[in-house]
Each structure stands twice: as C-alpha cells, then as structure tokens.
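One structure below.
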Amino acid sequence: MHREWATYLRVLLALHITCGVVAFVCAPVALSTAKGGRTHRRWGKIYFWAMAGVAVTALVLSFALPIFFLAMVAIFSFYSAFAGYRILSLKTMYTGARPKPVDWAAAVVTFLSSFLLFLMGFLKPELMGVGVVQIAGHMVSIVSVVFGLIGMRMGQGSIAGFLKRPTEKMFWWFDHMQGMMGSYIAALTAFSAVNLTRWFGPAWWVWLWPTIVGVPAIAIWTTYYKKKFSAKPKGETRNLSAQEI
C-alpha cells in the first residue's frame with residue numbers, strides 16, 4: 001500500500017486487490033465443477049462480477065495516477081470475461097438472433113484500445129514501462145505489442161461472429177469457456193506481475209508466461225471438446241446445448 005497516496009486511491013487499491021483475490025479463488029471452482037450445474041453457475045457469476053470490480057477499479061486508478069498501460073490492459077482483460085458471459089445470452093445467434101448494442105460497443109472499444117496498446121508498444125515503449133526490449137536497434141515494449149494483438153484478435157473475432165451467423169450449434173460453449181479461461185490467464189498475469197516483478201523487475205517473461213502456457217492449453221482443450229462433441233449422438237448433443245451455464 002502506498003502511504004503517499006490519497007485515501008480514496010488506497011481504498012480503490014484495496015478493493016482492486018480484494019476483487020482480484022476473489023476472482024483468483026473462484027475460477028478454479030467454476031472450472032472444476034460440472035458445467036451447467038448450480039455450483040458452476042454460482043461460482044462463475046461471482047467470478048465474473050469480481051473481474052468486473054477488478055476492471056472498474058483498475059480503470060479509475062489508471063486515470064488517477066495516471067498509468068495508461070493499466071487502462072488499456074484493463075479493457076481487453078475484462079472483455080474476455082464479458083464476452084464469455086454475454087455469449088450465454090446469445091446462444092440463439094445460431095438461429096438468427098442478433099447481438100445487442102452493448103455487445104457491439106464492447107467489441108469495438110476493445111479492438112480500438114488494443115490497437116492503441118499495440119501502437120504504443122512501438123511508438124512509446126518507455127511510457128508503457130514493461131517488457132521493453134531492443135529489436136533491430138529500436139526499443140519496443142513486447143508486452144504491449146503482444147497484449148495489443150490478443151485484444152485486437154478478441155475484438156475482431158467477436159465482430160466477425162456478429163456479422164456472420166455461427167455455423168456450429170455449440171459455438172457458444174467454446175466462446176464461453178475460451179472467454180472465461182482467457183480472463184483467468186489475465187488474472188494470473190496480474191498476480192505474476194505484482195509478485196515476480198519484485199525480484200525480476202519488469203521483464204517481459206514475468207508478464208507473458210501465463211499467456212505462453214495458457215493459450216496452447218485453451219487450444220488443446222478446444223480441440224478435445226470439438227472431437228468429443230462431434231462423436232456424440234445428435235440427441236446427446238442437443239441435451240448438452242440446452243444446459244444453462
């Protein structure tokens with residue numbers, strides 16, 4: 001806790017940490033319980049709102065301090081949880097339903113803020129302040145570049161899905177789990193950065209190792225369940241898609 005900070009900033013930081021701890025604890029419970037069950041839904045909702053609290057407090061702190069890197073990362077990190085949560089209300093896009101204005105707005109804001117994060121990694125790496133390395137004689141914030149690319153990919157993926165009707169009936173299942181697992185990678189990244197930076201400084205791997213490990217894990221998980229669903233009898237797949245998460 002920074003003693004020189006104003007009281008409201010210290011309160012916000014305490015709330016930020018509390019929400020982060022709650023999310024960090026709730027996610028494994030939701031992931032390890034039966035999908036669609038009461039326990040999964042209860043802990044999943046707590047996790048989502050805890051991540052919302054993390055994002056709101058991070059945004060306020062980022063503008064008050066100011067730390068622009070924190071603001072842009074907070075947007076794309078929360079969007080992963082937001083998109084994963086909202087897709088449960090958009091299951092009927094498979095049959096022609098359309099996303100709401102809030103879905104469009106969130107996707108566009110995420111894409112634009114992530115594009116800015118990407119550019120700042122090249123143009124103002126010292127302002128980003130993390131994972132700065134020298135490439136071809138130029139200083140680059142590799143963390144900003146990678147996070148910007150991830151955020152743009154998420155925003156672009158959502159927009160593409162809104163424009164074109166999904167062809168896979170279980171699309172929402174994969175979008176939901178990928179979004180929630182992606183947001184947990186973001187939470188793990190924050191935990192790693194806060195704790196490991198004390199010993200290793202703002203090194204790029206302190207920020208990126210959860211992504212390096214987590215993204216392939218999500219890809220393997222997605223491939224496994226796509227094969228599993230495709231092997232199920234049609235009746236069994238219909239029952240699964242009717243579950244509420």
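Index from 1, following the sequence. Values below: all heavy atoms of this structure, side chains included; hydrogens, waters and symmetry mates excluded.
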Item to check | Check: Leu90 and Arg98 side chains under 4.5 Å, non-hydrogen atoms | outcome: no
Item to check | Non-hydrogen side-chain atoms of Ser80 and Tyr184 separated by less than 4.5 Å | outcome: no
Checklist entry - Do Leu9 and Leu65 pass the side chain to side chain contact (heavy atoms under 4.5 Å, CB included) test, and can you show the C-alpha distance, the side-chain angles, and the key distance before you say yes or no? => result CA-CA 9 Å; Leu9 290 177; Leu65 293 177; 4.1 Å; yes
Checklist entry - With a 4.5 Å heavy-atom cut-off, do Met128 and Val143 have their side chains touching? => result no
Next on the checklist: Parallel, tilted or perpendicular: which one describes the rings of Phe82 and Phe78, with boundaries at 30° and 60°?
Outcome noted: tilted
Next on the checklist: Can you confirm whether or not the ring centre of Trp221 sits under 6.0 Å from the ring centre of Tyr225?
Outcome noted: yes
Next on the checklist: With heavy-atom distances below 4.5 Å as the criterion, would you say the side chains of Met139 and Val133 are in contact?
Outcome noted: no
Next on the checklist: Which heavy atom of Pro210 sits nearest to which heavy atom of Ser192, and what is that distance?
Outcome noted: CG-CB, 4.5 Å
Checklist entry - How would you list, by chain and number, every residue that makes a side-chain contact (heavy atoms from CB on, under 4.5 Å) with Ile46, sequence neighbours excluded? => result Val22, Cys26, Arg42
Next on the checklist: Could you report the tightest heavy-atom contact between Met180 and Ala81, atom names first, then the distance?
Outcome noted: CE-O, 3.7 Å
Item to check | Spacing of Gln178 atom CD and Asp175 atom CG [to the nearest 0.5 Å] | outcome: 6.0 Å
Item to check | Minimum-distance pair of heavy atoms, taken over all atoms of Pro216 and Thr211 | outcome: CD-O, 3.9 Å
Next on the checklist: Between Phe111 and Phe76, is the side chain to side chain contact (heavy atoms under 4.5 Å, CB included) condition met? List the steps.
Outcome noted: CA-CA 8 Å; Phe111 180 87; Phe76 97 81; over 6 Å; no
Item to check | Value rounded to 0.5 Å, distance of CH2 in Trp173 from CD1 in Ile87 | outcome: 14.0 Å
Next on the checklist: Taking Val213 as the starting point, is it possible to reach Ile185 by hopping between hydrophobic residues whose side chains are less than 4.5 Å apart?
Outcome noted: yes
Next on the checklist: As an exercise, state the distance from OG of Ser141 to NZ of Lys124, rounded to the nearest 0.5 Å.
Outcome noted: 13.5 Å
Item to check | Reported CD1-to-CG distance for the pair Ile67 and Leu127, which is rounded to 0.5 angstrom | outcome: 10.5 Å
Item to check | Non-hydrogen atoms of Leu70 and Ala58 that approach each other most closely | outcome: CD2-O, 3.7 Å
Checklist entry - Do the two ring centres, one from Phe24 and one from Phe191, sit under 6.0 Å apart? => result yes
Item to check | Min side-chain heavy-atom separation Glu168-Phe174 under 4.5 Å | outcome: yes
Item to check | Full working for side chain to side chain contact (heavy atoms under 4.5 Å, CB included) between Ser183 and Met51 | outcome: CA-CA 8 Å; Ser183 68; Met51 287 298 292; 4.2 Å; yes
Checklist entry - Considering only heavy atoms from C-beta outward, does the side chain of Pro125 approach that of Val140 to under 4.5 Å? => result no
Item to check | Cluster link Leu163 to Phe171, ILVMFWY, side chain under 4.5 Å | outcome: yes
Checklist entry - Is it the case that one hydrophobic cluster holds both Leu59 and Tyr8, taking links as side-chain heavy atoms less than 4.5 Å apart, direct or via other members? => result no
Checklist entry - Using the ring of each side chain (for Trp, its six-membered ring), is Tyr85 parallel, tilted or perpendicular to Phe48, with breaks at 30° and 60°? => result parallel
Next on the checklist: Below 30° counts as parallel, above 60° as perpendicular, anything between as tilted: where do the rings of Phe118 and Phe122 land?
Outcome noted: perpendicular
Checklist entry - Are Leu196 and Leu208 connected, step by step, through hydrophobic side chains (Ile, Leu, Val, Met, Phe, Trp, Tyr) whose heavy atoms are closer than 4.5 Å? => result yes
Next on the checklist: Could you see if Val73 belongs to whatever hydrophobic cluster contains Val108? Use Ile, Leu, Val, Met, Phe, Trp, Tyr and a side-chain cutoff under 4.5 Å.
Outcome noted: yes
Checklist outcome for this item: Tightest non-hydrogen contact, residues Phe162 and Met93, listed as CD2-SD, 4.2 Å
Checklist entry - Would you call the rings of Phe147 and Trp207 parallel, tilted or perpendicular if under 30° counts as parallel and over 60° as perpendicular? => result perpendicular
Checklist outcome for this item: Heavy-atom closest pair (Ser113 atom, Ile75 atom, distance to 0.1 Å) is OG-CG2, 3.4 Å
Next on the checklist: Please report the interatomic distance OG1(Thr92) to CZ(Arg165), rounded to the nearest 0.5 Å.
Outcome noted: 10.5 Å
Item to check | Side-chain (Thr33) to main-chain (Ala30) donor-acceptor, under 3.5 angstrom | outcome: yes
Next on the checklist: For Tyr79 and Ser114, which I'm curious about, is there any donor-acceptor pair between the side chains at under 3.5 Å?
Outcome noted: no
Checklist entry - Considering the options Val56, Val11, Thr57, Val21, which one meets the side-chain contact (heavy atoms from CB on, under 4.5 Å) requirement together with His16? => result Thr57
Item to check | Aromatic ring pairing His176/His40, orientation class (parallel under 30°, perpendicular over 60°, tilted between) | outcome: perpendicular
Checklist entry - Quick check: are there more than 12 heavy atoms from other residues, nucleotides or ligands sitting under 6.0 Å from CZ of Arg153? => result no
Checklist entry - Within the distance-only criterion (no hydrogens, no angle test), does the side chain of Ser158 pair as donor or acceptor with the backbone N or O of Gly155 below 3.5 angstrom? => result no
Item to check | Reported CG-to-CG distance for the pair Leu61 and Leu15, which is rounded to 0.5 angstrom | outcome: 9.5 Å
Checklist entry - Is there side-chain contact between Val146 and Trp204, with at least one heavy-atom pair below 4.5 Å? => result no
Checklist entry - Do other residues, nucleotides or ligands put more than 12 heavy atoms under 6.0 Å from Phe115 CZ? => result no
Item to check | Residue pair Ile159 / Gln156, side-chain heavy-atom distance below 4.5 Å | outcome: no
